[in-house]
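Shown next, in structure tokens, is the structure this report addresses.
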Amino acid sequence: MIEGLTFHTHAVPADQPLISLLVPVYNEEECVGHFAAAIETVIAESWSDGALPPRFEIVFVDDGSRDATAAVVRAMCRLDHRIKLVSLTRNFGKEAALSAGLRAATGDAVVPMDVDLQDPPELIRPMVDLWRAGAQIVNAQRIDRSQDTFFKRATSRLFYKTTPSPIIPSRSTWAIFACSIAPPSRCSTR
């Protein structure tokens, strides 16, 4: 179920594209508010140089949480039209949540992020700048993946082998990529 989804029908200047932050969540009722606040702060600080910032939406994908994550995000949606909620019927895993989020994202570019902010939001501006300069994909690579479990590495490899994804398999999902190169099912929702 996609909640809080709106389609932008008015013309938007080319210098103000929409960036979708895609955030899979599972039992994260304590984190989603902190994440949204941190993103708001980082965006304000990152574009404090007078440059026109892009528009942002945050697409939370609740991956079958058993806590109040969906209710918290639903309340956030009522207060901020830039926040969307996709609710999965059960826990399918991060990769399935990413796929569902890609279908719901309405941005010109998508940035998958972890709600625990292990992907530093301070890198959004440099990544967006590179994307605006013409890059179709901008990947940020984690140097140390020793904290990832064997299961996490194995399921990620499987996801990249079986899903038409613009993200390079040996890299983390911390990237920005243009909608024009996203899987066909993603672009058909626009």
Side-chain angles (χ1 to χ4, degrees), residues 1-8 18-43 55-121 123-124 140 142 147-149 151-160 162-167 172-177 179 182-190:
M1 171 189 299
I2 301 172
E3 301 180 36
L5 183 63
T6 58
F7 291 93
H8 304 279
L18 178 63
I19 307 297
S20 297
L21 303 180
L22 174 54
V23 189
V25 291
Y26 179 70
N27 295 335
E28 301 285 358
E29 66 182 305
E30 302 285 328
C31 296
V32 291
H34 296 294
F35 176 87
I39 293 300
E40 188 73 34
T41 300
V42 167
I43 289 170
R55 296 169 303 125
F56 284 88
E57 70 175 1
I58 301 174
V59 180
F60 287 106
V61 181
D62 180 31
D63 192 16
S65 294
R66 294 182 177 157
D67 67 358
T69 298
V72 171
V73 175
R74 203 172 286 115
M76 294 167 60
C77 290
R78 285 192 289 274
L79 298 174
D80 189 340
H81 73 279
R82 299 170 301 169
I83 297 176
K84 315 287 187 259
L85 172 63
V86 177
S87 294
L88 302 182
T89 57
R90 65 173 178 83
N91 181 250
F92 289 94
K94 182 178 179 181
E95 286 73 20
L98 286 169
S99 293
L102 282 172
R103 289 183 181 91
T106 59
D108 301 296
V110 178
V111 180
M113 294 188 70
D114 289 336
V115 74
D116 62 5
L117 298 170
Q118 68 174 303
D119 303 319
L123 292 180
I124 293 173
R142 288 192 192 119
Q147 300 298 335
D148 290 353
T149 64
F151 181 74
K152 181 175 180 177
R153 288 191 302 266
T155 58
S156 292
R157 277 193 300 274
L158 179 63
F159 170 73
Y160 294 120
T162 60
T163 304
S165 172
I167 302 169
S172 76
T173 56
W174 178 231
I176 183 172
F177 52 89
C179 169
S185 61
R186 153 62 177 104
C187 294
S188 66
T189 64
R190 297 194 93 194

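Numbers here are sequence positions counted from 1.
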Under the salt bridge (charged side-chain N to carboxylate O under 4.0 Å, His left out) rule, what pairs show up with a residue in residues 32-41, not counting sequence neighbours? Glu40-Arg82
Using every non-hydrogen atom in the two residues, find where [X] and [Y] come nearest and quote the distance to one decimal.
X     : Y      : answer
Glu28 : Asp67  : N-OD2, 3.4 Å
Val73 : Lys84  : CG1-O, 4.1 Å
Leu98 : Pro24  : CD2-CG, 3.7 Å
Phe35 : Val115 : CD1-O, 3.6 Å
Leu18 : Glu57  : CD1-N, 3.9 Å
Val86 : Ala100 : CG1-CB, 4.3 Å

[X] side chain vs [Y] backbone, donor-acceptor pair below 3.5 Å:
X     : Y     : answer
Ser87 : Asp62 : no
Asn91 : Gly64 : no
Asp63 : Gly93 : yes

Val32 and Val23: CA distance, side-chain angles, deciding distance, side-chain contact (heavy atoms from CB on, under 4.5 Å) verdict: CA-CA 9 Å; Val32 291; Val23 189; over 6 Å; no
Chi angles and distances behind the side-chain contact (heavy atoms from CB on, under 4.5 Å) call for Ile83, Phe60: CA-CA 7 Å; Ile83 297 176; Phe60 287 106; 3.8 Å; yes
Is [Y] close to [X] at the side-chain level, that is, under 4.5 Å between some pair of heavy atoms?
X      : Y      : result
Asp80  : Ile58  : no
Leu85  : Met76  : no
Pro121 : Met113 : yes

Check salt bridge (Lys or Arg N to Asp or Glu O under 4.0 Å) between Glu30 and all other residues, then give those that pass, not counting sequence neighbours. none
Report the C-alpha distance between Ile43 and Phe56 in whole Å, list the side-chain angles of each, state the deciding distance to 0.1 Å, and finish with yes or no for side-chain contact (heavy atoms from CB on, under 4.5 Å). CA-CA 9 Å; Ile43 289 170; Phe56 284 88; 3.4 Å; yes
Can you measure from CZ (Arg55) to CG (Asp108) and round to the nearest 0.5 angstrom? 7.0 Å
